[in-house]
Amino acid sequence: MSKPPVLRSTRHARQTLRQLSELYPEAECALHHTSPWELLVATILSAQCTDVRVNLVTPALFARCPTPEVMSRIPLEELEQLIKTTGFFRNKAKNLQLCASALVEHHGGEVPGSMEELVELAGVGRKTANVILGNAFQLPGMVVDTHVKRLAYRLGWSAEREPEKVEVDLCRLLAKRDWTQASHLLIAHGRAICRAQRPWCSSCSLQSRCPRNGVKNSK
DNA sequence: ATCCCGAGGG
DNA sequence: CCCTCTGGAT
């Protein structure tokens, strides 16, 4: 992998985000949900899986498991079959059931609204917790997924490789009120243009702001 | 072959 | 730090 680009300033980040917000005015959480519980389930399922495929299984899953109480009691095999096409289905089913039980036993059947409580749940790391905080509770949530990590590196916003360290850098760089929307914008651009492989630099409106501009191998 | 809005364990 | 878990799309 190539050397990390020169790190950019808060101003660079702010201006870049403003430009992205004009490009993706509709950017938001793409996981279908109508409650914190549904978003928690969908986000756990989204690990190493596209949101499109998560949205394919969640209607039947939410109908069968409308509450943590129900999910904590259905047969594990049935849960596995309901989520099978999202991949890692054995791990995810086990975590979902553990998670559901913990909500019933320790949180009154409700999804907790703090990072400390969320990351205690099975299958919930900082990325998933920040999705919940930002999209179900309207709290600052700096989501560092594979897209955000990649774009933060390419844009020169963080030289780190570990998601937790990238998150620290981005939280320092961006205003708290922008964390969640910034995540959505970076994810949208990461999907459409700044892809992992063969990034579509020729169609990227951030070319003038991108430290990789002119770099031959833009892999 | 490689990636997808990762997490947990060694 | 590494590895494993998993199916589907490209």
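Convention: sequence-line order gives letters A, B, ...; per-chain numbering from 1. Note: hydrogens, waters and symmetry copies are ignored here, and every other heavy atom, side chains too, is used.
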>> If you assign A:Gly123 and A:Leu31 each to the DNA chain B nucleotide with the nearest heavy atom, which residue ends up on the more 5' nucleotide?
In response: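 Result of the comparison: A:Leu31.
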>> Need to verify one output field. Residue with the more 5' nearest nucleotide on DNA chain B, A:Glu28 or A:Val119?
In response: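 First, find each residue's nearest nucleotide; the 5'-ward one identifies A:Glu28.
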Under 4.0 Å, heavy atoms only, any strand: does [X] hit a base, just the sugar-phosphate, or nothing?
{"X": "A:Ala122", "result": "sugar-phosphate"}
{"X": "A:Arg195", "result": "nothing"}
{"X": "A:Val144", "result": "nothing"}
{"X": "A:Glu80", "result": "nothing"}
{"X": "A:Asp51", "result": "sugar-phosphate"}
{"X": "A:Thr43", "result": "nothing"}
{"X": "A:Ile83", "result": "nothing"}
{"X": "A:Lys84", "result": "sugar-phosphate"}

May I ask you to check whether over 12 heavy atoms, not counting those of [X], lie within 6.0 Å of atom [atom1]?
{"X": "A:Glu164", "atom1": "CD", "answer": "no"}
{"X": "A:Gln15", "atom1": "CD", "answer": "yes"}
{"X": "A:Arg73", "atom1": "CZ", "answer": "no"}
{"X": "A:Gln19", "atom1": "CD", "answer": "yes"}

OP1 or OP2 of [N] versus the side-chain N and O atoms of [X]: is any pair under 4.0 Å?
{"X": "A:Thr85", "N": "C:dG8", "answer": "no"}
{"X": "A:Arg53", "N": "C:dA9", "answer": "no"}
{"X": "A:Ser46", "N": "B:dC4", "answer": "no"}
{"X": "A:Arg150", "N": "B:dC4", "answer": "yes"}
{"X": "A:Gln48", "N": "B:dG6", "answer": "yes"}

When the distance from [atom1] of [X] to [atom2] of [N] is rounded to whole Å, what number comes out?
{"X": "A:Glu164", "N": "B:dG8", "atom1": "CD", "atom2": "P", "value": "11 Å"}
{"X": "A:Gln181", "N": "B:dC5", "atom1": "CD", "atom2": "P", "value": "17 Å"}
{"X": "A:Phe88", "N": "B:dC4", "atom1": "CZ", "atom2": "P", "value": "12 Å"}
{"X": "A:Lys92", "N": "B:dC5", "atom1": "NZ", "atom2": "P", "value": "11 Å"}
{"X": "A:Leu45", "N": "B:dC4", "atom1": "CG", "atom2": "P", "value": "18 Å"}
{"X": "A:Met142", "N": "B:dG6", "atom1": "CE", "atom2": "P", "value": "14 Å"}
{"X": "A:His184", "N": "B:dC5", "atom1": "NE2", "atom2": "P", "value": "13 Å"}
{"X": "A:Leu98", "N": "B:dG8", "atom1": "CG", "atom2": "P", "value": "10 Å"}

> So, A:Phe89 and C:dG7: ring centres less than 5.5 Å apart, planes less than 30° off, yes or no?
Replying inline: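 No, A:Phe89 does not stack on the base of C:dG7.
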Starting the side chain at C-beta, find the nucleotide from [options] nearest to [X].
{"X": "A:Asn91", "options": "B:dC3, C:dC5, B:dC5", "result": "C:dC5"}
{"X": "A:Lys127", "options": "C:dC5, B:dC4, B:dA7", "result": "B:dA7"}
{"X": "A:Ala30", "options": "C:dC1, B:dC5, B:dC3", "result": "B:dC5"}

> Which whole number of Å gives the distance between the P atom of C:dT6 and that of B:dG10?
Replying inline: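 16 Å, rounded to whole Å.
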> Looking only at atom C1', what distance separates C:dC1 and B:dC5, rounded to whole Å?
Replying inline: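 Straight-line distance between the two C1' atoms is 24 Å.
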>> What verdict does the side chain to side chain contact (heavy atoms under 4.5 Å, CB included) test give for A:Leu45 and A:Leu96, after you've listed the backbone C-alpha separation in whole Å, the side-chain angles of each residue and the deciding distance to 0.1 Å?
In response: CA-CA 9 Å; A:Leu45 292 179; A:Leu96 281 175; 3.9 Å; yes
> Cut-off 3.5 Å, side chains only: do A:Ser35 and A:Glu38 have a donor facing an acceptor?
Replying inline: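 Judged by distance alone, the side chains do not pair up.
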> Judged by modelled atom types alone, do A:Ser158 and A:Glu160 share a side-chain donor-acceptor pair under 3.5 Å?
Replying inline: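 Note: A:Ser158 and A:Glu160 side chains miss the donor-acceptor criterion.
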